[in-house]
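What follows is a single structure, written as structure tokens, with notes after it.
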Amino acid sequence: MKKFPIYVLLIALIVLFAFIATVGFPPDASTIQSEGVLFHSESSSPIEHLSELANEEEFIVSVEVHDPVEATDSLMFNGFALFLVVLNGNNKSTIQLLRVVEGENLSYCLTNYGDLKTEERITVEECLATLNDEEKVVVLIDFPNPSLSKPIVTLSGKKIAVESNSIDTINNASFTVLKAMFNNAEEVLAKSNRLTALLG
């Protein structure tokens with residue numbers, strides 16, 4: 001009879017391990033995966049976080065590019081352009097900010113201050129100050145990180161950091177974020193593509 005509790009404990013442990021193996025651990029509400037992209041929010045559900053950010057009116061969209069220009073920069077610009085098209089299609093105010101990297105270091109930035117007719121070179125200090133603007137949503141499109149198994153989108157306050165795992169996944173990662181934010185993202189992009197084809 002003294003050994004009975006030990007048997008009960010062993011049976012309970014076996015049942016627990018079988019449950020974990022079958023069902024898995026409870027999902028982490030702050031991390032989800034969609035279309036091959038991992039979303040992580042530091043404060044809430046990524047879906048709720050993105051919905052809140054979509055309601056904001058002012059955005060800074062920033063992309064990393066090389067100086068001198070490299071062949072992969074065109075794909076970086078594609079992800080950048082997706083954000084600009086969908087944000088503008090939803091009547092959001094957008095400031096473009098190019099982070100120009102020489103070697104491994106940020107050298108300077110180019111910005112339009114939200115005016116399509118303007119382009120101004122600013123210092124690294126001015127650039128970082130702009131990116132730390134807490135009044136606007138800041139979207140960071142960073143160079144791919146080959147050490148990642150899949151693209152990762154990190155949400156922190158009003159910052160959205162998009163980091164792909166290869167140059168080929170930049171567009172998918174960017175557009176997956178936009179579809180999570182705006183129900184009309186595909187429609188806006190389709191209209192833009194049609195207009196571009198007509199003008200071309």
| task | Apply the test salt bridge (charged side-chain N to carboxylate O under 4.0 Å, His left out) to residues E57 and K92: give CA-CA distance (whole Å), side-chain angles for both, the deciding distance (0.1 Å), then the verdict. | result | CA-CA 5 Å; E57 295 301 322; K92 305 298 182 180; 3.6 Å; yes

| Minimum heavy-atom distance between S164 and L148, given as atom pair plus value | O-CD1, 3.9 Å

| Hey, what do you get for CD (E35) to OG1 (T169), rounding to the nearest 0.5 Å? | 13.0 Å

| field | Nearest-0.5 Å distance, CG of residue N112 to NZ of residue K117 | value | 13.0 Å

| said: Could you measure the distance from the CG atom of L106 to the CG atom of D67? Nearest 0.5 Å is fine. | reply: 11.5 Å

| field | Qualifying residues under salt bridge (charged side-chain N to carboxylate O under 4.0 Å, His left out), relative to E42, sequence neighbours excluded | value | none

| field | Shared hydrophobic cluster for L50 and L82 (ILVMFWY, side-chain gaps under 4.5 Å) | value | yes

| Cluster link L131 to I160, ILVMFWY, side chain under 4.5 Å | no

| field | Pairwise distance CG(N183) to CG(N90) - rounded to 0.5 angstrom | value | 9.5 Å

| query | Which pair of non-hydrogen atoms, one from F39 and one from S34, has the smallest distance, and what is that distance? | reply | CE1-CB, 4.0 Å

| request: Give a yes or no on whether the backbone of I47 and the side-chain of S51 come within a donor-acceptor separation of less than 3.5 Å. | output: yes

| message | Any heavy-atom pair between the side chains of F80 and L98 that's under 4.5 Å? | response | yes

| message | Can you give me the closest heavy-atom contact between M76 and E64, atom names plus distance? | response | CE-O, 3.5 Å

| Worked verdict on Y113 versus I122 for side chain to side chain contact (heavy atoms under 4.5 Å, CB included) | CA-CA 11 Å; Y113 296 110; I122 60 175; 3.4 Å; yes

| Just by distance, with hydrogens left out, do H40 and T154 show a side-chain donor and acceptor under 3.5 Å apart? | no

| Any donor and acceptor pair, going by atom type alone, linking the side chain of S156 with main-chain N or O of K159 inside 3.5 Å? | no

| message | Do I167 and V101 sit in one hydrophobic cluster, given that two such residues count as connected whenever their side-chain heavy atoms are within less than 4.5 Å of each other, even indirectly? | response | yes

| note | Heavy-atom nearest pair, P151 first then G36, reads CD-O, 3.4 Å

| said: Please list all pairs meeting disulfide bond (SG atoms under 2.5 Å apart) that have one or both residues in residues 91-186, counting only residues at least two apart or in different chains. | reply: C109-C127

| query | Under the side chain to side chain contact (heavy atoms under 4.5 Å, CB included) criterion, do R121 and L110 qualify, and how do the steps go? | reply | CA-CA 5 Å; R121 177 170 170 158; L110 296 170; 3.8 Å; yes

| Pairwise distance CG(L75) to CD1(I170) - rounded to 0.5 angstrom | 6.0 Å

| query | So how far is it from L84 CG to F59 CZ, rounded to the nearest 0.5 Å? | reply | 11.5 Å

| query | Is a side-chain N or O of S45 found less than 3.5 angstrom from the main chain of S30, in a donor-acceptor match? | reply | no

| query | Who pairs with E56 by salt bridge (charged side-chain N to carboxylate O under 4.0 Å, His left out), at least two apart in sequence or on another chain? | reply | K158

| field | For G157 against H49, the heavy-atom pair lying closest together | value | O-NE2, 2.7 Å

| note | Between A173 and V162, the two heavy atoms sitting closest are CB-CG1, 3.9 Å

| request: Please answer: with hydrophobic residues joined when any side-chain heavy atoms are less than 4.5 Å apart, are L189 and V177 in the same cluster? | output: yes

Side-chain donor-acceptor distances from residues 135-142 under 3.5 Å, at least two apart:
unit_1	atom_1	unit_2	atom_2	d
K136	NZ	D133	OD2	2.9
D142	OD1	R99	NH1	3.0
D142	OD1	R99	NH2	3.1

| said: By the side-chain hydrogen bond (donor to acceptor under 3.5 Å, both in side chains) test, which pairs, at least two apart or in different chains, include something from residues 68-86? | reply: H66-D73

| Are L97 and Y108 grouped together when hydrophobic residues (ILVMFWY) are joined by side-chain heavy atoms under 4.5 angstrom apart? | no

| query | Are side-chain heavy atoms of Q96 and V61 found at a separation under 4.5 Å? | reply | no

| Any T111 side-chain heavy atom under 4.5 Å of T130 side chain | no

| query | With sequence neighbours left out, what residues match E125 under salt bridge (charged side-chain N to carboxylate O under 4.0 Å, His left out)? | reply | none

| Is there a donor-acceptor pair under 3.5 Å between the side chain of E187 and the backbone N or O of N184? | no

